[in-house]
4 protein chains.
Amino acid sequence: MNEHSFRKGIVLVRPREGDKRRRIIDAAVHVFSERGFFNSRVNDVAEAAGVAGGTIYLYFKNKDDLLISVFEDRMDTILAMLKSELRKELNPSGQLKRFIELHLELVQRDQALADVLAVELRQSAKFVREYRARKFYEYLGVAEDILTDGIKDGSFRADIDPKLYRRALFGALDELTVMWLACAREDRPAPCSLNDAVNQVFNLFVSGLGPEAKL
Amino acid sequence: MNEHSFRKGIVLVRPREGDKRRRIIDAAVHVFSERGFFNSRVNDVAEAAGVAGGTIYLYFKNKDDLLISVFEDRMDTILAMLKSELRKELNPSGQLKRFIELHLELVQRDQALADVLAVELRQSAKFVREYRARKFYEYLGVAEDILTDGIKDGSFRADIDPKLYRRALFGALDELTVMWLACAREDRPAPCSLNDAVNQVFNLFVSGLGPEAKL
Amino acid sequence: MNEHSFRKGIVLVRPREGDKRRRIIDAAVHVFSERGFFNSRVNDVAEAAGVAGGTIYLYFKNKDDLLISVFEDRMDTILAMLKSELRKELNPSGQLKRFIELHLELVQRDQALADVLAVELRQSAKFVREYRARKFYEYLGVAEDILTDGIKDGSFRADIDPKLYRRALFGALDELTVMWLACAREDRPAPCSLNDAVNQVFNLFVSGLGPEAKL
Amino acid sequence: MNEHSFRKGIVLVRPREGDKRRRIIDAAVHVFSERGFFNSRVNDVAEAAGVAGGTIYLYFKNKDDLLISVFEDRMDTILAMLKSELRKELNPSGQLKRFIELHLELVQRDQALADVLAVELRQSAKFVREYRARKFYEYLGVAEDILTDGIKDGSFRADIDPKLYRRALFGALDELTVMWLACAREDRPAPCSLNDAVNQVFNLFVSGLGPEAKL
DNA sequence: GATGAATGAGAATTCATTCAT
DNA sequence: AATGAATGAATTCTCATTCAT
């Protein structure tokens with residue numbers, strides 16, 4: 001809210017700036033992930049965040065807004081991380097591999113978040129149909145940029161539609177996410193190591209299934 | 001809607017056995033697709049089906065059961081059609097292409113159904129987490145069979161994990177579905193023809209992105 | 001709702017037609033009168049009417065609508081009664097006296113109703129500011145007609161503004177209503193008999209109105 | 001609003017004692033008038049007064065107390081003004097006319113206040129039923145005194161009940177007030193000039209009261 | 001089987017009031 | 001004194017489900 005009301009490095013730092021809002025969002029990720037968005041009560045989130053029910057409404061317009069805020073908050077972090085990491089890669093091929101790696105790493109590291117982003121967010125009609133657009137397209141945009149760069153420099157074939165491929169890539173990763181979450185939930189072991197998954201998806205997208213593809 | 005399907009007091013046209021159940025399921029597909037499962041009222045479905053609210057409960061245990069029944073009903077049809085169509089294809093490569101084609105055709109032919117299958121089914125906690133499994137795995141199984149057959153007969157590389165690939169394939173198709181539905185909803189033209197989409201996805205999976213792959 | 005779904009005089013009369021709606025309105029008059037509109041809970045009304053809370057919402061859009069419906073329902077009855085009674089009077093002077101009499105009689109006969117009409121209805125901003133108009137003006141219109149008729153036939157002075165006088169008359173009666181209600185509430189005796197009140201108000205208004213003022 | 005009424009760090013213009021209380025009451029008149037008492041939030045009043053929400057509770061016990069305080073504060077002023085003005089009039093007839101005049105002038109001068117006094121004060125159950133009494137009866141008492149004086153000195157008929165007539169007078173004026181406020185709110189022109197209204201009401205009451213009715 | 005009126009548990013949201021700073 | 005973030009009790013309204021007809 002008022003992020004600048006204290007002076008850095010001086011004693012009078014307002015304790016835990018943005019604390020409540022942050023705690024609520026963090027709690028929401030876990031509660032929504034656990035029970036699902038529609039089955040979670042706002043008070044569940046409040047309790048998990050250690051605040052009173054009404055407090056949620058000081059920071060969020062309503063339950064939907066809370067869901068959207070969770071999304072925005074997390075996506076901001078993820079997008080920043082993603083861009084910064086990809087900048088370290090030299091060529092589109094490396095970037096694509098890193099993109100896949102980062103996506104799947106994230107899923108493993110924070111399953112609750114993965115669940116909210118991959119499953120719960122699709123619930124709110126309002127979300128999928130009206131809001132999903134912005135940050136989501138930014139994420140897709142990152143993938144698309146890799147593809148167009150690769151086409152330009154000749155690492156990828158020129159006859160593909162980047163808009164279609166970025167979707168296919170996202171869909172594949174998203175579905176693997178759902179699979180992984182299901183395993184975790186049912187205490188089944190993951191079907192393969194993260195490394196294997198990354199390699200397989202990378203190979204799929206770069207070389208395809210064809211036996212003579214990859215020489 | 002149904003007030004005239006028989007004549008009062010006369011023995012006549014007893015509406016076809018199973019008529020109501022069918023009409024309710026058909027209505028549910030459209031209502032759930034329109035408003036989303038959680039935002040749909042049971043009475044909305046009843047009204048759309050031209051039956052009274054209570055009638056739903058003569059055919060389905062509860063709202064969740066209705067959703068599950070929609071899924072089972074449609075999946076049965078789809079799986080039967082899918083299997084029968086694939087039997088006509090001679091080799092795994094042709095089957096894969098046909099599989100992609102049939103999936104995407106389905107989306108175009110019946111968008112409401114596609115929407116329910118692709119989006120709404122992820123919703124009900126009960127669903128994604130407990131139910132989705134059966135018929136959905138059967139669908140995935142069809143894809144997996146194609147892959148394993150292809151590996152066996154040498155048309156596909158041996159170093160792929162069919163369980164992972166079938167998911168990636170489904171995820172890619174699913175996400176394209178979502179994209180298509182979004183276009184339809186917002187009256188934007190679809191990004192490309194069905195034929196193009198089939199080819200691109202097929203190429204992606206069979207040949208990958210590599211420029212010199214498929215010679 | 002469906003007032004015509006039964007045939008009068010035949011056995012199969014649907015028991016107590018409009019029963020619930022009627023009972024809710026009757027209950028609302030008493031509950032609102034007792035606790036005040038804003039301090040009444042919808043469930044109080046439901047309980048008083050002997051129905052479940054949700055049932056209210058089958059008959060009324062919301063709490064405000066219930067208040068407005070109470071008003072409309074009662075005013076319809078009152079206006080019908082008023083007009084029918086006034087038709088029996090031969091001249092404006094007699095009608096004016098009867099109008100005053102009926103207004104004050106009503107207050108004495110049904111204090112809960114009087115309280116809702118005179119006090120509680122002024123609470124709902126929506127009501128006073130947007131709705132009050134219609135039926136209320138019809139009531140005022142009855143008074144105005146008497147005044148204009150009286151002016152025409154010479155029983156009342158011609159230099160008065162009927163729009164102003166009808167308001168003054170209503171205001172005087174309304175305020176007496178409030179006074180009477182306060183007495184009843186506090187178990188004080190009414191300040192005077194109904195007859196006296198009628199005569200005094202009549203004298204006040206008629207003598208003031210008379211062209212050569214009551215000789 | 002108030003940020004510049006004193007200079008920081010300098011002893012200077014300590015805002016007038018009672019400043020906050022006054023500002024809150026003034027704000028309350030407007031906010032209550034605008035939205036109605038029950039629909040006004042305490043914070044609305046605070047904001048309008050330019051103070052923090054909690055500050056209200058340094059000056060008033062609770063929301064009801066605020067309403068009562070508004071009433072008392074305004075009525076004190078009005079009663080003082082009223083008495084002082086009436087003292088300038090020589091006879092009951094002149095006083096009655098002046099009373100009417102002052103009442104209606106008040107409405108025109110400060111419509112927000114008039115609205116609160118005429119409409120909102122009937123609201124709070126606590127109010128109409130317990131509190132309204134005191135200052136309101138003092139106001140009525142002023143009217144009654146005029147009437148009894150007039151009866152004593154023969155300017156008014158002896159057969160009237162001053163308790164009834166003072167109510168009728170107040171009610172008439174009150175209702176005209178409501179009418180005026182409605183016009184103001186809907187940007188309709190007032191039905192007549194203030195002078196006309198005063199004369200009409202005066203004629204209504206005085207001619208009706210006159211022993212041989214104003215010849 | 002079919003109906004649809006009735007139910008009542010459940011949830012989101014509001015807002016008067018408090019109190020640590 | 002003043003603040004305004006936080007509280008949590010209270011209330012409206014919704015809707016899956018039941019059941020008498």
Side-chain angles (χ1 to χ4, degrees), chain A residues 1-2 12 14-15 19-21 38-47 49-66, chain B residues 2 14-15 17 19-21 38-47 50-66, chain C residues 1-2 12 14-15 19-21 38-47 49-66, chain D residues 2 14-15 17 19-21 38-47 50-66:
Chain A
M1 291 255 109
N2 44 348
L12 223 150
R14 281 184 55 198
D19 192 39
K20 288 265 164 66
R21 192 187 146 88
F38 280 100
N39 294 313
S40 301
R41 281 162 287 138
V42 171
N43 273 347
D44 291 341
V45 176
E47 194 182 4
V51 301
T55 303
I56 302 269
Y57 292 87
L58 294 177
Y59 295 94
F60 306 94
K61 221 173 72 217
N62 52 37
K63 198 186 170 190
D64 273 346
D65 184 42
L66 174 56
Chain B
N2 63 325
R14 185 86 188 300
E17 176 57 29
D19 189 44
K20 289 259 166 70
R21 190 186 146 90
F38 278 100
N39 295 315
S40 299
R41 278 160 289 147
V42 171
N43 272 346
D44 291 342
V45 176
E47 193 183 4
V51 303
T55 303
I56 302 268
Y57 290 85
L58 296 175
Y59 295 95
F60 306 94
K61 219 174 72 214
N62 52 36
K63 197 185 172 191
D64 273 347
D65 184 42
L66 175 55
Chain C
M1 292 242 125
N2 45 349
L12 223 149
R14 281 186 51 202
D19 190 41
K20 288 265 163 67
R21 192 188 146 90
F38 280 99
N39 296 314
S40 300
R41 277 163 289 135
V42 171
N43 274 347
D44 292 341
V45 176
E47 195 183 3
V51 300
T55 302
I56 303 268
Y57 292 87
L58 294 177
Y59 295 94
F60 306 94
K61 223 174 68 219
N62 51 38
K63 198 185 170 190
D64 273 346
D65 183 42
L66 175 55
Chain D
N2 61 326
R14 184 84 189 300
E17 178 56 32
D19 187 43
K20 289 259 166 67
R21 192 186 145 88
F38 278 98
N39 295 314
S40 299
R41 278 160 289 148
V42 172
N43 272 347
D44 291 343
V45 176
E47 192 182 7
V51 302
T55 304
I56 303 266
Y57 290 85
L58 296 175
Y59 295 95
F60 307 93
K61 218 174 73 213
N62 53 36
K63 198 185 171 190
D64 274 346
D65 184 42
L66 175 56

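Sequence lines set the chain letters: A, B, ... in the order given, protein chains first and strands last, and positions in each chain run from 1. Keep in mind it's a predicted model, so treat the numbers as computed, not measured.
- The side chain of A:L58 has F:dA6 as its nearest neighbour among F:dA6, E:dA12, E:dA16.
- Atom C1' of nucleotide F:dC13 and atom CG of C:D65 are separated by 13 Å, given to the nearest angstrom.
- At the phosphate of E:dT3, OP1 or OP2 sits under 4.0 Å from a side-chain N or O atom of B:T55.
- Here F:dT12 is the nucleotide among E:dT14, E:dA16, F:dT12 with the atom lying nearest to any side-chain atom of C:V42.
- Within the 4.0 Å cut-off from OP1 or OP2 of F:dA2, at least one side-chain nitrogen or oxygen of D:Y59 is found.
- Across the interface with DNA chain E, nearest-nucleotide mapping of C:N43 and C:V51 shows C:V51 to be the residue nearer the 5′ end.
- The 5' end of DNA chain F is approached more closely, in terms of each residue's nearest nucleotide, by D:A52 than by the other of A:G54 and D:A52.
- D:Y57 has a side-chain polar atom (N or O) that falls below the 4.0 Å cut-off from OP1 or OP2 of E:dT17.
- Counting to the nearest Å, the C1' atom of F:dA16 and the CG atom of B:D44 are 12 Å from each other.
- Ranking F:dT12, E:dT7, E:dA12 by closeness to the C:K63 side chain, first place goes to F:dT12.
- Of the side-chain N and O atoms in D:K20, one or more sit less than 4.0 angstrom from OP1 or OP2 of F:dA2.
- Residue A:G53 is the one, among A:G53 and C:K61, whose nearest nucleotide of DNA chain F lies closer to the 5' end (criterion: closest heavy atom).
- Under the Watson-Crick or G-U wobble criterion, with both distances below 3.5 Å, E:dT17 is paired with F:dA6.
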